[in-house]
Amino acid sequence: MNLSVRDADVAELMDDPDCDPRRLAATLRRFDTVNRLISGWGAAYRSQLRPYLASLGAPARILDIGSGGGDLVLRLASLAARDGFDVRWVGVDPDPRAIAVARERTTSGVEFQCADAAALAAAGERFDVVVSNHVLHHLSAGELAVFAEQSLALSEGIVVHSDIRRSRLAYGLYTIGVTPFAPGTFLRTDGLRSIRRSYRVDELALALGDGWRVEAAAPYRVLAVGRADG
Ligand SMILES: C[S@@+](CC[C@H](N)C(=O)[O-])C[C@H]1O[C@@H](n2cnc3c(N)ncnc32)[C@H](O)[C@@H]1O
């Protein structure tokens, strides 16, 4: 597998509107385990969200765009609650099949809506923090520019987009590590295609342009951090 060049043409099975709905739902439910193992959001919470919430010193609203099965919202909500922060959480996803899975997990202070960033912006919504996980690599170049701009417009504070950082080692480790979690899901095929579609730090910095700080996060992660006051 040649990973020296980003493969923006390979399509993920879950992005097919006609994909098997049972496998899609199983995939969305199992993102919970995969995200806990690989997404690095514990560290991103400690380095980005926690200091910002502490500096705010007031109740906050946080948005996760492209929330999928909703597990990241619940995980961050639990981390923030443990630190004593008063936060209301909103997860949005344009795919109603994802929202149906996320709503299985709705809990107090957490809401899931079938919407995209443009709909929220049109409704005049603003949040203190906007995050996303594993969305950037799904988007075309044009979609990425719009998504980045809309995420900044929806935030009064910080924006943190987290995604996979493409590397041969990540590809090799995922190939082996996903085996116990893959049956009945798209996790093997889509995870490997995601790595092929994902960015290196310099590539994402170039694609996002000014106004974003793009950094490597361990292991095999890239973080794009923006500020509303930029
Ligand atoms: C790989 S899933 C990631 C889901 C979840 N964030 C996670 O980490 O498990 C990508 C999600 O992004 C959503 N998505 C795709 N394009 C989007 C867009 N332009 N705006 C918001 N969400 C989008 C898809 O519907 C899908 O649920």
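Remember, it's 1-based here, ligands and their atoms both numbered in the order they're listed. Everything numeric in this text was worked out from a predicted model, so none of it was measured.
Nearest to atom 12 (O) of ligand 1 among the protein's heavy atoms is Val135 CG2, 3.7 Å. With respect to atom 27 (O) of ligand 1, the closest heavy atom belonging to the protein is Asp93 OD2, 2.5 Å. Of the protein's non-hydrogen atoms, Asn133 O, 3.6 Å is the one closest to atom 3 (C) of ligand 1. Of the protein's non-hydrogen atoms, the one nearest atom 20 (N) of ligand 1 is Phe147 CE1, 3.7 Å. Among all non-hydrogen protein atoms, the one lying nearest atom 7 (C) of ligand 1 is Asn35 ND2, 3.5 Å.
Applying the 4.0 Å criterion to heavy atoms of Asp95 picks out, from ligand 1, the atoms 25 (O). Atoms of ligand 1 found under 4.0 Å from any heavy atom of Ile65 (numbered from 1 in listed order, with element): 21 (C).
Contact check for Leu120 versus Leu63: side-chain heavy atoms found under the 4.5 Å cut-off.
A heavy-atom separation below 4.0 Å is not found between Gly69 and ligand 1. Taking a 4.0 Å cut-off on heavy atoms, Ala117 fails to register as neighbouring ligand 1. In this structure, Leu139 counts as a contact residue of ligand 1, since one of its heavy atoms falls inside 4.0 Å of the ligand. Assignment of Glu143 to the shell around ligand 1 is not supported, since no heavy atom sits closer than 4.0 Å. By the 4.0 Å heavy-atom criterion, Leu72 is excluded from the residues contacting ligand 1. The closest approach between Asp116 and ligand 1 stays at or above 4.0 Å for every heavy atom of the residue.
At least one N or O atom of Gly66 sits closer than 3.5 Å to an N or O atom of ligand 1. Of the polar atoms of His137, none of the N or O atoms is found under 3.5 Å from an N or O of ligand 1, judged by distance alone. Residue His138 has no N or O atom closer than 3.5 Å to an N or O atom of ligand 1.
Using modelled atom types, no side-chain atom of Arg193 and backbone atom of Val10 make a donor-acceptor pair closer than 3.5 Å. Looking only at distances, no side-chain donor or acceptor of Ser155 sits under 3.5 Å from a matching main-chain atom of Leu152. Counting only distance, with no hydrogens or angles, the side chain of Ser151 and the backbone of Ala148 share a donor-acceptor pair below 3.5 Å. Between the Arg166 side chain and the Leu3 main chain, a donor and an acceptor come within less than 3.5 Å of each other. Not a single donor-acceptor pair under 3.5 Å links the side chain of Ser78 to the backbone N or O of Leu74.
Follow the hydrophobic side-chain contacts under 4.5 Å out from Leu136 and you never reach Trp41; the two are in separate clusters.
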| request: Start with the C-alpha gap between Phe31 and Leu187, add the side-chain angles, then the distance that decides, and say whether side-chain contact (heavy atoms from CB on, under 4.5 Å) holds. | output: CA-CA 8 Å; Phe31 277 154; Leu187 285 174; 3.8 Å; yes
| request: Mind running side-chain contact (heavy atoms from CB on, under 4.5 Å) on Tyr199 and Arg6 for me, showing each step along the way? | output: CA-CA 7 Å; Tyr199 294 87; Arg6 179 171 182 257; 3.5 Å; yes
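Considering only non-hydrogen atoms, atom 17 (C) of ligand 1 lies nearest to Pro94 out of Ser67, Gly191, Pro94. Here atom 2 (S) of ligand 1 lies nearest to Met14 when heavy atoms of Met14, Arg97, Gln150 are compared.
Contacts classified as ring pair (Phe, Tyr, Trp, His ring centres under 6.0 Å) and involving residues 130-185 (residues at least two apart or in different chains) are given here: Phe147-His161, His161-Trp212. Among residues at least two apart or in separate chains, salt bridge (Lys or Arg N to Asp or Glu O under 4.0 Å) pairs with a member in residues 59-73 are Arg61-Glu125.
Protein heavy atoms come within 4.0 Å of atom 23 (C) of ligand 1.
Under a 4.0 Å N-O distance rule, the pair Asp7/Arg197 does not qualify as a salt bridge.
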